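Structure, as structure tokens:
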Amino acid sequence: MISAERLQQIAPWSRPLGEAELERVRAGLSERLVPAGATICRQGEQFEPWAGVISGLVKLRTLSRDGKEVTLSGVHGGGWFGEGSVIKHEPRRYDLIALRETRLALLDRPTFLWLFEHSAAFNRFLIGQLNERLGQFMALLENDRKLEPTARVARDIASMFNPVLYPEVGRHLKLTQEELGLLVGLSRPTTNQALKALEGRGLLRVEHGGITVLDLGGLRRCGE
DNA sequence: ACATTAAATTCGA
DNA sequence: TCGAATTTAATGT
């Protein structure tokens, strides 16, 4: 059973829950440390719990027929994912891979379902989460069709700093240009050029193995 | 695709 | 356990 303080740290969504609910969550939640590069779950496998990223970064990806990798999304500190699969009780649609050492919080399925049935506060959170994600995917589609590469990279980075989905991410993003390219759907050289351009506009700083965001609003408005 | 540079790892004291 | 040397990984063009 994890402590009440720990619960606050790793699951911000639990704050508005009542006493009895909190008690259950504390009993149903566990932590797991995943080494860099490890696979958490493969496409097609059953993975029962609902997962949150406490620290680190998890990539959701799938392989195309000819073995090319397609990255769908990156989830980092404060992000929770997979509620779709948990609710439907179906196999995971994507590989889950820890891009670097990652600490996961896992809420077992029975507890998740109990909250889903009994807690209005929890459902409010879930709706907010799904709504935010839907908005993000709509924006993503739009970007993909309308914007040139530099703006796409800018918006994709900005979306990783979404305060609703990822409440506790700092300004720094440790992610190689190659991984960023996979995430955005661009080649590494194109990604590199885009990053340089954004750096030139003073929106972010390019570092070895990562970037630091300097002007989040500016990134969001890119390409307008 | 290649050249350059930064970071991580190994190895010897 | 420290630092130099080597290897590996990431970046820039």
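Every heavy atom of this structure was used, including side-chain atoms; hydrogens, water molecules and symmetry mates were not. Order of the sequence lines sets the chain letters (A, B, ...), proteins ahead of strands, with each chain counted from 1. All values derive from a computational prediction rather than experimental measurement.
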Both A/Lys174 and A/Pro189 contact DNA chain B. Taking the nearest nucleotide for each, which residue is further toward the 5' end? A/Pro189
Can you tell me the distance, in whole Å, between the CG atom of A/Leu182 and the P atom of C/dA10? 12 Å
State whether A/Gln177 places a side-chain N or O below 4.0 Å from either non-bridging phosphate oxygen (OP1 or OP2) of C/dG12. yes
Rounded to whole angstroms, how far apart are CG on A/Leu173 and P on C/dA10? 14 Å
Hey, are A/Glu31 and A/Arg6 close enough for a salt bridge, meaning a charged N less than 4.0 Å from a carboxylate O? yes
Separation of B/dC2 P from A/Arg188 CZ (nearest whole Å): 13 Å
Verdict with supporting geometry, A/His118 and A/Arg24, side chain to side chain contact (heavy atoms under 4.5 Å, CB included): CA-CA 11 Å; A/His118 294 90; A/Arg24 285 206 180 229; over 6 Å; no
Among C/dG12, B/dA1, B/dA7, which nucleotide has an atom closest to any side-chain atom of A/Asn192? C/dG12
Spacing between A/Ile211 atom CD1 and C/dA10 atom C1', to the nearest angstrom: 15 Å
May I have the distance from A/Leu195 (atom CG) to C/dT11 (atom C1'), rounded to whole angstrom? 11 Å
Whole-Å gap separating P (B/dA8) and CD (A/Glu101): 13 Å
Has A/Leu141 got more than 12 heavy atoms of other residues, nucleotides or ligands less than 6.0 Å from its CG? yes
Between B/dA1 (C1') and A/Glu178 (CD): distance, integer Å: 14 Å
Using the ring of each side chain (for Trp, its six-membered ring), is A/Phe125 parallel, tilted or perpendicular to A/Trp13, with breaks at 30° and 60°? tilted
Tell me: CD of A/Glu207 to C1' of B/dA7, nearest whole Å? 14 Å
State which of C/dG12, B/dA1, C/dA10 makes the closest approach to the side chain of A/His208. C/dA10
